[in-house]
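Notes to accompany the following structure.
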Amino acid sequence: MLKKLIKYEWKGLIFPFVIMLIVLAGTTLLTCAVLLTINPKYDESVQVYSAMALMLSIFLYYFGMIGCTLGTTLIIAIRFYKTCYTDQGYLTHTLPVTTHQILIAKIAIAFFVNILMALAILFSVFIIIQVGILHITSFYTDSPELKWIFKDMFSIVLNEFSNVFGIHLPSFLIYMILYSIISEIANVVIIFGCISLGQLYAKHRILGAIASYFIVLFIEQIFGWFTSVPISARVLSAKYTTVFDILSPTMNLSLLFIVMLAVFMYFANIHMMTKKLNLE
């Protein structure tokens with residue numbers, strides 16, 4: 001039955017998610033089109049235009065990326081609210097499944113959709129970078145060595161990465177992937193928890209959910225301020241000189257706090273969906 005719940009959740013999110021992907025694709029294409037208008041030789045007659053076009057392309061893609069990220073989070077939150085705490089919740093809560101199964105299915109699909117959006121953004125960034133590089137090199141066909149500059153720069157980054165960060169690149173990538181997966185799952189649970197806690201405000205449930213979310217953000221900021229102490233201590237200590245040695249304690253503490261908060265929010269969801277359920 002859990003597989004059917006997951007399939008049902010995916011069908012409910014696929015249409016608005018495809019719209020987000022279309023918006024991202026349109027922003028990417030528009031950004032590439034602006035990049036293609038830039039003259040990398042910076043001729044005096046078009047110097048100002050090229051600089052403005054470059055800035056425009058950066059801001060255009062940045063706001064498009066932020067909009068798609070926030071939009072994906074919004075459609076996930078709206079889906080959870082409608083299927084759990086509105087009249088659609090009657091169908092959800094009368095299914096022959098446990099509350100844990102309902103919540104797990106929603107968390108799994110929300111996490112999957114967020115990962116797909118992150119991969120789509122990374123792919124779009126790759127396309128924009130490739131278009132920019134090809135466009136620049138096309139103006140310097142008489143200088144074939146320019147084509148190797150980017151490869152040389154990449155090789156230098158790989159060689160110096162372990163010296164600067166204090167960790168090999170493959171190990172760092174594995175660490176960041178695991179960190180991102182755990183934090184993403186925790187953030188989904190926290191958002192769902194804020195929506196559930198918002199139901200305590202019978203007359204202003206949406207405002208209550210928004211208020212709960214900002215309170216959680218404030219608590220995270222306060223904790224983040226305390227976790228910055230290890231960074232200050234290690235910067236002042238000559239014993240720790242690499243970036244990873246300085247940042248890893250704070251990152252680990254922040255992740256631990258988010259996981260603990262997510263565990264609390266998970267059981268808050270279960271409590272609200274079983275003991276305090278009051279559908280609109």
Side-chain angles (χ1 to χ4, degrees), residues 5-40 46 48-83 105-140 146-147 149-151 153-154 157 169 173-174 176-192 195 210 213:
L5 280 175
I6 292 175
K7 184 178 180 181
Y8 174 72
E9 286 300 316
W10 172 246
K11 287 183 177 180
L13 283 174
I14 187 171
F15 179 71
F17 178 66
V18 169
I19 293 178
M20 291 294 103
L21 290 179
I22 293 174
V23 172
L24 179 63
T27 304
T28 303
L29 291 175
L30 190 57
T31 303
C32 291
V34 175
L35 281 174
L36 293 175
T37 64
I38 297 175
N39 181 2
V46 293
V48 176
Y49 170 77
S50 296
M52 291 180 61
L54 180 60
M55 294 178 60
L56 177 62
S57 64
I58 293 173
F59 280 108
L60 178 67
Y61 181 74
Y62 174 77
F63 287 112
M65 180 180 63
I66 295 298
C68 290
T69 303
L70 294 179
T72 302
T73 301
L74 186 61
I75 63 175
I76 290 172
I78 292 174
R79 169 74 181 177
F80 179 78
Y81 175 74
K82 284 187 174 181
T83 57
K106 291 183 177 297
I107 292 172
I109 289 301
F111 169 74
F112 180 67
V113 168
N114 281 328
I115 291 298
L116 286 181
M117 178 55 69
L119 293 176
I121 290 174
L122 289 176
F123 181 67
S124 68
V125 171
F126 175 78
I127 291 177
I128 291 173
I129 292 176
Q130 290 299 311
V131 169
I133 292 175
L134 292 175
H135 180 60
I136 292 174
T137 54
S138 66
F139 282 83
Y140 298 93
L146 181 65
K147 298 179 180 180
I149 291 179
F150 297 104
K151 293 184 178 180
M153 292 174 61
F154 184 71
V157 170
L169 182 58
L173 291 177
I174 293 173
M176 290 305 301
I177 290 173
L178 293 175
Y179 187 95
S180 300
I181 290 174
I182 295 173
S183 61
E184 186 60 47
I185 295 174
N187 285 328
V188 169
V189 178
I190 290 171
I191 291 174
F192 287 172
I195 295 173
I210 295 174
Y213 182 70

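All of these numbers come straight from a predicted model, not from anything done at the bench.
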Query raised in the report: Any chance OH of Tyr179 has more than 12 other-residue heavy atoms, nucleotides or ligands included, within less than 6.0 Å?
Result: yes
Only pairs under 3.5 Å count here: list side-chain donor-acceptor contacts from residues 106-113, not counting sequence neighbours, and write none if there are none.
{"from": "Lys106", "atom 1": "NZ", "to": "Glu9", "atom 2": "OE1", "distance (Å)": "3.4"}
{"from": "Lys106", "atom 1": "NZ", "to": "Glu9", "atom 2": "OE2", "distance (Å)": "2.7"}
{"from": "Lys106", "atom 1": "NZ", "to": "Thr83", "atom 2": "OG1", "distance (Å)": "2.6"}

Query raised in the report: Met117 versus Leu21: any side-chain heavy-atom pair under 4.5 Å?
Result: yes
**Report entry** Distance in Å, Ser180 OG paired with Leu178 CG, rounded so as to fall on 0.5 Å steps
**Finding:** 9.0 Å
Report summary line: The reported gap from CG in Asn114 to CD1 in Ile181 (rounded to nearest 0.5 angstrom) is 12.5 Å
Query raised in the report: So, do Tyr62 and Met65 sit near enough that their side-chain heavy atoms are less than 4.5 Å apart?
Result: yes
Query raised in the report: At what distance, to the nearest 0.5 angstrom, does CD1 of Ile115 lie from CG of Leu119?
Result: 6.5 Å
Requested in this report: State, yes or no, whether a side-chain contact exists between Ile76 and Ile191 at a heavy-atom distance under 4.5 Å.
Outcome: no
Report summary line: For Phe192, the ring pair (Phe, Tyr, Trp, His ring centres under 6.0 Å) test, sequence neighbours excluded, returns Phe80
Query raised in the report: If you round to the nearest 0.5 Å, how far is CD1 of Ile182 from CD1 of Ile177?
Result: 12.0 Å
**Report entry** Where Thr72 and Ile75 come nearest, the two heavy atoms and their spacing
**Finding:** O-CG1, 3.0 Å
Requested in this report: For Ile195 and Ala77, work out which heavy atoms get closest and say how close.
Outcome: CD1-O, 3.5 Å
Report summary line: One should read off an interatomic distance between Ile128 CD1 and Phe123 CZ, to the nearest 0.5 angstrom, of 11.0 Å
**Report entry** Least distance between heavy atoms, Thr27 atom then Gly64 atom
**Finding:** CG2-CA, 3.8 Å
Query raised in the report: Hey, what do you get for OG1 (Thr28) to OH (Tyr61), rounding to the nearest 0.5 Å?
Result: 5.0 Å
